[in-house]
Amino acid sequence: MKIASFNINGIKARINALTDWLAGADADVVVLQEIKSVDETFPRAHFEDLGWNIETHGQKGFNGVAILSKLPLEDVIRGLPGDDGDEQSRYIEATVTGAQAVRIAGLYLPNGNPVPGPKYDYKLAWTERLRLRAQELLAAEMPVVMLGDFNIIPEARDAASPEKWREDALFLPQSRAALRRIVWQGWTDAIRARDPWSTRGPFTFWDFQGGAWNKDDGIRIDHMLLSPQAADLLEETGVDREARAGEKPSDHVPVWVRLSA
DNA sequence: ATGGTTGCAGAGCAA
């Protein structure tokens with residue numbers, strides 16, 4: 001089972017880029033972030049015609065997540081549990097069953113800038129809620145893949161120019177500690193685990209501004225965390241870097257894991 | 001150096 005995550009930064013603007021990538025990726029499950037669309041205007045028929053089952057959790061203008069799957073999507077949860085008053089659409093869960101059942105949690109963690117301020121407070125609170133949900137998912141003792149745009153740079157080696165991010169919500173010590181608090185529950189950072197000694201990247205995001213892509217001034221903020229039962233099944237991971245050089249690209253590229261499931 | 005670019009939506013915000 002190949003499971004991917006792609007922050008597409010607008011489904012309407014990226015329908016061709018996403019369709020082209022899907023055609024070559026051979027993925028079974030794809031979580032999307034920043035669809036920037038309500039459920040009613042998501043181009044559902046376009047992807048259904050290509051053989052995808054679709055579950056969306058949209059929002060007008062901003063945010064919005066979705067799951068595409070070749071296999072049926074079961075037991076769908078929309079929204080991160082723990083705050084019924086949270087209006088932002090950043091989280092969706094579903095179960096996909098191949099050779100065995102895998103729980104998929106697709107997420108778009110808040111950016112948090114500017115710091116300090118209410119947006120950073122929301123980021124930290126949201127990450128703490130994610131930690132509580134992650135603990136519940138681990139307790140199920142099943143293969144779980146929690147993946148998406150975490151908007152956190154784990155370490156200095158995950159940025160081409162870490163000094164530029166020192167004061168940024170994506171790299172502040174509190175942000176990185178909040179992510180570690182989740183990872184240390186027992187999750188495997190799949191990209192890092194398959195390339196543990198890398199001193200640079202791999203990067204998953206290059207800003208539209210300042211020619212970041214041409215300078216390879218990237219960061220690693222799209223992550224895939226595997227429960228122990230999923231890590232046992234890990235076969236391969238990848239970062240589809242070439243997508244950033246395509247026609248009308250997103251500022252993120254797809255990341256993926258292949259499990260023997 | 002307080003810029004720079006993009007998407008959604010149709011002005012200004014979010015990233």
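So you know, we letter chains A, B, ... as the sequences are listed, proteins then strands, and number each from 1.
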Lys/Arg-Asp/Glu bridge criterion (N-O < 4.0 Å) met for Asp158(A), Arg192(A):
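Answer for the salt bridge query: yes.
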Does the pair Glu128(A)/Arg181(A) count as a salt bridge with the N-to-O cut at 4.0 Å?
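Looking at Arg181(A) together with Glu128(A), the answer is no, because their closest N to O distance does not fall below 4.0 Å.
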Any ring pair (Phe, Tyr, Trp, His ring centres under 6.0 Å) pairs touching residues 155-184 of chain A, not counting sequence neighbours?
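Every pair satisfying ring pair (Phe, Tyr, Trp, His ring centres under 6.0 Å) with a residue in residues 155-184 of chain A: there are none.
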Between Gly61(A) and Gly210(A), which is nearer to the 5' end of DNA chain B once each is assigned its nearest nucleotide?
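Result of the comparison: Gly210(A).
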Most 5' of Val38(A) and Asn113(A) on DNA chain B, judged by nearest nucleotide
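Nearest nucleotide further toward 5': that of Val38(A).
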Any pair with a residue in residues 249-261 of chain A that passes salt bridge (charged side-chain N to carboxylate O under 4.0 Å, His left out), sequence neighbours left out, goes on the list, sorted by first then second residue, please.
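Passing the test, one end in residues 249-261 of chain A: Glu236(A)-Arg258(A).
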With a non-hydrogen cut-off below 4.0 angstrom, is Tyr108(A) in contact with a base, only sugar-phosphate, or nothing?
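Result for Tyr108(A) = sugar-phosphate.
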Heavy atoms under 4.0 Å, any strand shown: does Ile8(A) hit a base, just sugar-phosphate, or nothing?
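Nothing, no nucleic acid heavy atom in range.
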Could you measure between the two [atom1] atoms, the one in [N] and the one in [M], and give it in whole Å?
| N | M | atom1 | value |
| --- | --- | --- | --- |
| dT6(B) | dA11(B) | C1' | 16 Å |
| dA14(B) | dA9(B) | P | 15 Å |
| dC13(B) | dA1(B) | C1' | 24 Å |
| dT2(B) | dG7(B) | C1' | 23 Å |

Which pair of non-hydrogen atoms, one from Asn53(A) and one from Leu71(A), has the smallest distance, and what is that distance?
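Result for this residue pair: ND2-O, 3.2 Å.
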Heavy atoms of chain A, cut-off under 4.0 Å: which first and last nucleotide of DNA chain B, 5' to 3', fall inside that, if you could look?
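Nucleotide range with atoms under 4.0 Å of chain A: dG4(B) to dA15(B).
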Spatial distance of atom CD (Gln174(A)) from atom CG (Leu124(A)) [nearest 0.5 Å]:
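Interatomic distance, Gln174(A) CD to Leu124(A) CG, rounded to 0.5 Å: 7.0 Å.
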